[in-house]
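Below: the structure, in structure tokens.
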Number of protein chains: 2
Amino acid sequence: MNRPGLRERKKIETLHRIQGEALRLFDEQGYDATTIEQIAEAAGVSPSTFYRYFPVKEDVVVQDEYDPMIVRVFESQPADAPPLEALRAVLADLFAQFTAEDFERIRRRVRLIFAVPALRARQLQQTTATERLLAAMVAERSGRSPEDLEVRHFTAMVVASWIVAIDTWAHAGDEDLVAVMDRCLVHLEAGVPL
Amino acid sequence: MNRPGLRERKKIETLHRIQGEALRLFDEQGYDATTIEQIAEAAGVSPSTFYRYFPVKEDVVVQDEYDPMIVRVFESQPADAPPLEALRAVLADLFAQFTAEDFERIRRRVRLIFAVPALRARQLQQTTATERLLAAMVAERSGRSPEDLEVRHFTAMVVASWIVAIDTWAHAGDEDLVAVMDRCLVHLEAGVPL
DNA sequence: CATAATTCTGAAAGTTACTGTCAAATGATA
DNA sequence: TATCATTTGACAGTAACTTTCAGAATTATG
């Protein structure tokens with residue numbers, strides 16, 4: 001048996017407390033003006049502990065746990081679906097699980113990320129990891145190599161498309177996130193005509 | 001008349017000297033293991049001077065002067081050419097001006113950038129600036145707003161396409177850079193089929 | 001229940017990237 | 001040559017991150 005256990009619960013709680021206090025402080029004073037010491041103190045931990053949870057300052061905003069979800073949902077898609085269809089469905093399925101509060105939290109985070117260069121840089125970097133993940137899965141499915149130029153190009157386009165959609169949604173947005181993503185993917189599939 | 005003048009010539013020279021020594025040291029000891037102090041000393045300047053030329057350490061590798069060239073070449077394209085055609089031509093024209101040594105230097109820089117996370121992050125960030133630039137030009141040409149979703153999506157796709165091509169070329173590459181880029185853009189125009 | 005093993009935490013000291021200020025040096029200009 | 005603007009270097013300071021180590025809390029084991 002490997003139930004959650006007190007230790008793990010405490011860890012998750014601490015992680016969320018740090019993240020919450022950090023976002024609050026960033027809102028109040030700005031990202032750069034907030035030091036790790038302040039965040040640590042507000043969360044009732046030591047700076048060392050902060051770094052144990054978030055290797056770099058940016059991660060307290062950028063880190064998320066979506067990658068494994070994406071993998072799970074992607075693998076549950078019908079094997080004969082074309083890759084672009086499959087990925088579109090993955091997002092739809094994923095978003096269907098989110099609540100309105102989830103979206104609101106994500107929106108705040110995304111806005112912060114796009115406003116602070118350091119956060120944006122970190123997120124772009126994290127995105128390339130997701131890209132590799134997708135490339136591996138797509139390659140598997142289409143019986144090609146993950147190094148194949150078209151496979152890498154395909155995944156790069158899809159991921160970049162997502163980012164444009166998220167950016168648009170977070171800023172303009174009374175529109176639905178799924179709707180914006182669909183518009184982008186349709187545009188992509190049509191060969192980005194202008 | 002506005003000839004270079006001694007002062008400017010010296011500035012360019014210093015800039016190149018710093019860059020050269022930095023790249024040499026990075027090759028020898030690795031990026032992280034090389035301090036700004038070492039670079040400054042090798043280039044015969046003070047650390048403060050280093051920062052005057054390169055606001056952040058990453059810029060000594062990532063900074064380039066291509067953006068204005070892109071603008072110039074783009075504006076010299078026939079006004080009735082479709083945007084994707086125009087951008088393809090821009091790159092072809094640009095690369096035609098480069099020598100074999102240029103390509104070799106670029107290749108070394110690109111490999112370094114893709115190997116060091118901090119450099120990659122900075123470059124991705126810089127890329128978004130280029131993206132905005134392109135968006136403005138493309139918007140102008142097609143009589144749309146730079147905020148238009150399709151315009152932003154189009155430019156994001158083209159830029160992301162370039163990056164995949166450059167990455168591929170720098171690593172695999174006995175193939176021509178222009179050829180790889182063409183393959184990517186063709187794939188994009190076809191709606192990234194797999 | 002008691003003790004051993006594992007994991008988590010905090011304190012402290014050190015490195016380095018980066019910022020700001022000010023005076024000295026150097027190139028431009030009249 | 002004399003004055004003006006720009007560039008540079010020295011210095012001091014901040015804060016992000018790293019490393020190390022000892023002690024505390026939690027879990028596993030006899």
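Each chain gets a letter, A, B and so on, in the order the sequences are listed, and its residues count up from 1. Hydrogens, waters and symmetry mates play no part in the numbers below; they use all other heavy atoms, side chains included.
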Lys/Arg N to Asp/Glu carboxylate O, Glu28(B) vs Arg24(B), below 4.0 Å: yes
I'd like to know if the side chain of Arg120(A) reaches the main chain of Gln125(B), judged simply by a donor and an acceptor atom lying under 3.5 Å from each other, with no hydrogens or angles considered. no
Does either side chain, that of Arg152(A) or that of Thr168(B), offer a donor lying less than 3.5 Å from an acceptor on the other one? yes
For Asp59(A) and dA16(D), give me the distance from atom CG to atom C1', rounded to whole Å. 13 Å
Under 3.5 Å, is there a donor on one side chain and an acceptor on the other for Thr49(A) and Ser46(A)? yes
Starting at NZ of Lys10(B) and ending at P of dG27(C), how long is that distance when rounded to a whole Å? 4 Å
Hey, is the side chain of Arg9(B) pairing donor to acceptor with the base of dG27(C) inside 3.5 Å? no
So for the helix from dC1(C)-dG30(D) to dA30(C)-dT1(D), with five pairs setting each end axis, what is the inter-axis angle to 10°? 20°
What integer distance in Å separates Asp32(B):CG from dA17(C):P? 9 Å
Which pairs, with at least one residue in residues 143-164 of chain B and sequence neighbours excluded, count as a ring pair (Phe, Tyr, Trp, His ring centres under 6.0 Å)? His187(A)-His153(B)
First of Gly44(A) and Tyr51(B) reached from the 5' end of DNA chain C, by closest nucleotide: Gly44(A)
Of Ser48(B) and Lys11(B), whose closest DNA chain D nucleotide lies nearer the 5' terminus? Lys11(B)
If you only use heavy atoms from C-beta on, which nucleotide in dA16(D), dG10(C), dT8(D) is closest to the side chain of Thr14(B)? dT8(D)
I need the CG-P distance between Leu15(A) and dC8(C), as an integer number of Å. 13 Å
Is it true that Glu8(B) and Lys11(B) have a side-chain N and a carboxylate O under 4.0 angstrom from each other? no
Among dA16(D), dT8(D), dA11(C), find the nucleotide with the atom closest to the side chain of Ser46(A). dA11(C)
Rounding to a whole Å, what distance do you find between Ile36(B):CD1 and dA10(D):P? 16 Å
Rounded to whole Å, please give me the gap between CD in Glu13(A) and P in dT26(D). 12 Å
Return the set of residues passing side chain to side chain contact (heavy atoms under 4.5 Å, CB included) with Ile166(B) (not counting sequence neighbours), or none when no residue passes. Val110(B), Leu177(B), Met181(B)
Please state how far atom CD in Glu37(B) lies from atom P in dC18(C), giving the value in whole angstrom units. 14 Å
Which part of the nucleic acid, if any, lies within reach of Pro55(B) when heavy atoms closer than 4.0 Å are counted: base, sugar-phosphate only, or nothing? sugar-phosphate
For dC18(C) and Lys57(B) - does any side-chain N or O of the residue sit under 4.0 Å from the phosphate oxygens OP1/OP2? no
Can a salt bridge be assigned to the pair Glu13(A) and Lys10(A) using a cut-off of 4.0 Å between side-chain N and carboxylate O? no
Looking for any heavy atom pair under 4.0 Å, which part of the strands does Tyr53(B) touch: base, sugar-phosphate only, or nothing? sugar-phosphate
Pick base, sugar-phosphate or nothing for Phe50(B), based on heavy-atom distances below 4.0 Å to the nucleic acid. nothing
Roughly how many Å is it from CZ in Phe54(A) to P in dC17(D), rounded to a whole number? 13 Å
Nucleotide of dT9(C), dT8(D), dT7(D) approaching Arg7(B) most closely (side-chain heavy atoms): dT7(D)
